[in-house]
Amino acid sequence: MSEFTVRRADADDSKRLTRLVRNSRAYRGDYATMVEGYQVGGAYIEHHSVFVAVDATDRVLGFYALLVDDAELDLAFVADSAQGLGIGRLLMEHMTGQAAAAGLTAVRVVAHPPAEEFYLRTGAVRTGSVPPAGHIHWERPELRYDLA
């Protein structure tokens, strides 16, 4: 089994993270509008708690962005080629550790509908749903990781 580590992202990771988001199979078809033209910019990475899971060659396998001030998981993606390897679970464990270290007692997640089961399996609880708005024409599950 390969060795995976989680490290803080930096502005140099911007293109790789943007590519990971835009190429995600989870956002094909009806969901494509969510990531169309999306960019994970260097300023965003520097301003927020963005962490990447990498292999021994520093290949990005996934990442998450925690908005500490809002107590919200803003982004979480695992590369299609790395699905099923435990990367998502590793990232969520890391995220909840970072959130707890920052003094948060819970982290809100507004999920992509197909990802709801993943969040539930990694310890989140469903708290409701967010109605369609803007270019998002579907209801999204709202979940929470309790840290206390």
Only one of E116, R89, M92 clears side-chain contact (heavy atoms from CB on, under 4.5 Å) with R121; which?
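Considering E116, R89, M92, a side-chain contact (heavy atoms from CB on, under 4.5 Å) with R121 is found only for R89.
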Electrostatic pair R7:D58 at N-O distance under 4.0 angstrom
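Yes, charged N to carboxylate O under 4.0 Å.
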Would you name the heavy atoms of [X] and [Y] that are closest together and state the gap between them?
X	Y	answer
R140	P113	CG-CD, 4.3 Å
A65	V50	CB-CG2, 3.8 Å
L104	V68	CD2-O, 3.7 Å
I45	D13	CD1-C, 4.3 Å
S14	G42	OG-N, 3.7 Å
D146	A106	OD1-CB, 3.9 Å

How are the rings of Y64 and F51 set relative to one another: parallel (under 30°), tilted (30 to 60°) or perpendicular (over 60°)?
parallel
Does the side chain of [Y] come within less than 4.5 Å of [X]'s, by heavy atoms?
X	Y	value
R108	D70	no
Y38	L75	yes
V21	V40	yes
S81	R59	yes

Just how far is it from atom [atom1] of [X] to atom [atom2] of [Y], taken to the nearest 0.5 Å?
X	Y	atom1	atom2	value
L91	M95	CG	CE	9.5 Å
F63	L17	CZ	CG	5.0 Å
R144	E72	CZ	CD	13.0 Å
L90	F4	CG	CZ	8.5 Å
D80	L20	CG	CG	7.5 Å
D74	S49	CG	OG	11.5 Å

Is there a path of hydrophobic side-chain contacts, each under 4.5 Å between heavy atoms of I/L/V/M/F/W/Y residues, joining V110 to L67?
no
Same cluster (ILVMFWY, side-chain, under 4.5 Å), L120 and V125
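Cluster IDs for L120 and V125 differ.
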Main-chain N/O of V78 paired with Q83 side-chain donor or acceptor, under 3.5 Å
yes
Main-chain N/O of A11 paired with E46 side-chain donor or acceptor, under 3.5 Å
yes
